[in-house]
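A short write-up of the structure that comes next.
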Protein chains: 2
Amino acid sequence: MSRRKEKYQRLADCSCDRIRRSARQVTQLYETMLREVGIKPSQFTILATLANSGTIALSPLADQLMLDRTGLTRNLAVLERNGWVRIQPGPHDQRQRVVALSNLGFDKLDQAIPHWRRAQQALSKKAGETTLVDLRENLLKISKQLS
Amino acid sequence: MSRRKEKYQRLADCSCDRIRRSARQVTQLYETMLREVGIKPSQFTILATLANSGTIALSPLADQLMLDRTGLTRNLAVLERNGWVRIQPGPHDQRQRVVALSNLGFDKLDQAIPHWRRAQQALSKKAGETTLVDLRENLLKISKQLS
DNA sequence: TGACATAAGGTGTATATACACATAAAATTG
DNA sequence: CAATTTTATGTGTATATACACCTTATGTCA
């Protein structure tokens, strides 16, 4: 394989690949914990955000979650099917749809919180609290610089 | 909304959500740069890995990439359709399939590298080199602790 | 007010990620 | 060597992510 050169070895330093790998691993840890209550990490995040925001239209919710709007639509369809959120036409603007956590959604969130906490603690224990704090700080910094 | 309490505000400190957001943002930066040569970040990573590994069976490749094996299968199907990789039955083990970069794949990789470098540099510039180095270090540390 | 621009949202399509389950080949073992 | 176990891989299914394009409602301005 004459084309296998040192030149290609540096490609391993890809920051995109690096963060994606870690994100997959962390996600799997949280999925394992949250699976016990039948909820996914991304669903948990949406429920938690809705618990704080109250009724909110789709686009500002997507902004707040830094999520793609079209992906949010489809994710919310699942949450609605599960009865965790209510989606209604916007009260003033007929283009809007506003979403809010239902009582069932609050229940599911309450039920999930202890498992989420276990995931947070497990990650902290495995990664080391200092490393994790530094990491989160740097991730936040980078997020702000990229938005 | 009587159930909107401080209790839910702490949920914003989710490490899983934090890393996933940043991963999305970083991925989008790389996608923007790599789109010009018609290749995705994850495809780039696979091509780069294959350039270094040479012919390799699917499972060890998935291990090396820390990728789900079944996802790799489907990703490779696209790469094969594009003519960037060759997939053949394993020479000794009839269960295996071994994959290798084709000449077209090396060409595509060579073509993509300058754009990937631009993405790396853009990220470094936006995030700050120090922050980025720290981040990568912590990500690597966490990856090792979680694997 | 009517024409046009803008904003909110949905749909189609492609890839990414992960798990449960299925199949076939190879390895092991009695 | 035949039966069983393990290994390598594929398939079905569900969700995640992103972009291009479409529709409809709202806003703007001549």
Side-chain angles (χ1 to χ4, degrees), chain A residues 16-17 19-36 38-47 56-63 65-82 84 87-99, chain B residues 16-17 19-36 38-47 56-63 65-82 84 87-99:
Chain A
C16 184
D17 183 47
I19 194 172
R20 284 165 68 84
R21 280 183 201 218
S22 299
R24 284 198 296 271
Q25 290 178 289
V26 170
T27 300
Q28 281 194 51
L29 174 63
Y30 281 70
E31 274 179 348
T32 301
M33 302 294 189
L34 290 175
R35 187 172 302 126
E36 299 168 30
I39 190 174
K40 299 242 178 190
S42 51
Q43 298 174 335
F44 178 83
T45 299
I46 295 177
L47 296 190
I56 185 173
L58 293 203
S59 284
L61 178 58
D63 284 349
L65 290 162
M66 292 199 262
L67 254 187
D68 181 75
R69 184 184 49 75
T70 67
L72 177 61
T73 293
R74 289 179 244 238
N75 202 325
L76 283 176
V78 178
L79 301 187
E80 190 181 30
R81 181 171 3 113
N82 291 347
W84 300 339
I87 305 182
Q88 296 179 323
H92 309 308
D93 189 330
Q94 293 308 307
R95 292 169 301 180
Q96 284 187 354
R97 293 207 304 152
V98 297
V99 56
Chain B
C16 184
D17 183 46
I19 194 172
R20 283 165 68 84
R21 279 183 201 218
S22 299
R24 285 198 297 271
Q25 290 178 291
V26 170
T27 300
Q28 280 194 51
L29 174 64
Y30 281 70
E31 273 179 349
T32 300
M33 304 293 190
L34 290 175
R35 188 172 302 126
E36 299 168 30
I39 189 175
K40 298 241 179 192
S42 50
Q43 298 174 334
F44 178 83
T45 299
I46 294 177
L47 295 190
I56 185 173
L58 294 203
S59 284
L61 178 58
D63 285 348
L65 290 162
M66 292 198 264
L67 254 187
D68 181 75
R69 186 184 49 74
T70 67
L72 177 61
T73 294
R74 290 178 243 239
N75 202 325
L76 283 175
V78 178
L79 302 187
E80 189 181 31
R81 179 167 11 107
N82 291 347
W84 299 340
I87 305 181
Q88 296 179 320
H92 309 308
D93 188 331
Q94 293 307 307
R95 292 170 301 182
Q96 284 187 356
R97 292 206 305 153
V98 297
V99 54

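To find a chain, count down the sequence lines: A is the first, B the second, and so on, and within it residues start at 1. When reading the values below, keep in mind they use all heavy atoms of this one structure, side chains included, and skip hydrogens, waters and symmetry mates.
Side chain of B/Thr70, nearest nucleotide from C/dA18, D/dT26, C/dT11: C/dA18. Which of C/dT13, C/dA26, D/dT26 sits closest to the side chain of B/Asp93 comes down to C/dA26. Proximity note for B/Gln94 (side chain, C-beta onward) versus C/dA25, D/dT9, C/dG9: the nearest is C/dA25. Closest to the side chain of B/Leu67, from the set C/dT15, C/dT17, C/dG9, is C/dT17. The side chain of B/Asp68 lies closest to C/dA18, out of D/dT15, C/dA18, D/dA8.
Within the nucleic acid shown, A/Arg74 comes within 4.0 Å of at least one base atom, counting heavy atoms only. Heavy atoms of B/Arg24 sit under 4.0 angstrom from primed sugar atoms or phosphate atoms, though from no base atom. Among the protein residues, A/Arg35 comes within range of the sugar-phosphate backbone only, with heavy atoms under 4.0 Å from sugar or phosphate atoms but none that close to a base.
Across the protein-nucleic acid pair, B/Gln43 atom CD and C/dT15 atom P stand 7 Å apart, rounded to whole Å. Residue A/Ile56 contributes atom CD1, which lies 15 Å from atom C1' of C/dG9 at whole-angstrom precision. Computed from coordinates, the A/Gln96 CD to C/dA7 P distance equals 13 Å when rounded to whole Å. Across the protein-nucleic acid pair, B/Glu31 atom CD and C/dA14 atom P stand 16 Å apart, rounded to whole Å. Nucleotide D/dA18 holds its C1' atom 18 Å from the OH atom of B/Tyr30, rounded to whole Å. Across the protein-nucleic acid pair, A/Arg81 atom CZ and D/dA14 atom C1' stand 9 Å apart, rounded to whole Å. Distance CG (B/Leu34) to P (D/dT17): 20 Å, rounded to an integer number of Å. Look at CZ on B/Arg69: it is 15 Å from P on C/dA22, rounded to the nearest Å.
The side chain of A/Thr73 contributes an N or O atom lying less than 4.0 Å from OP1 or OP2 of C/dG10. Put simply, A/Ser59 has a side-chain N or O that comes within less than 4.0 Å of OP1 or OP2 on C/dG9.
Of the two residues near DNA chain D, A/Val78 and B/Thr32, the one whose nearest nucleotide lies more 5' is A/Val78. In this structure, A/Leu58 and B/Leu72 both approach DNA chain C, and ranking their closest nucleotides by distance from the 5' end singles out A/Leu58.
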TODO: Test B/Leu29 against B/Thr32 for side chain to side chain contact (heavy atoms under 4.5 Å, CB included), laying out the working first.
DONE: CA-CA 5 Å; B/Leu29 174 64; B/Thr32 300; 5.6 Å; no
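A/Arg20 places no side-chain N or O within 3.5 Å of a backbone atom of B/Pro41 that could act as its donor or acceptor partner.
Atom CG of B/Asn75 sits about 7.5 Å away from atom CG of B/Leu67, to the nearest 0.5 Å. One finds the CD atom of A/Gln96 at 9.5 Å from the CD atom of A/Gln94 (value rounded to the nearest 0.5 Å).
Residue-to-nucleotide contacts include no donor-acceptor pair under 3.5 Å from the side chain of A/Arg95 to the base of D/dT24.
Residues B/Gln25 and B/Gln28 are not in side-chain contact: their nearest non-hydrogen atoms beyond the backbone lie 4.5 Å or more apart. B/Ile46 places a side-chain heavy atom less than 4.5 Å from the side chain of B/Leu72.
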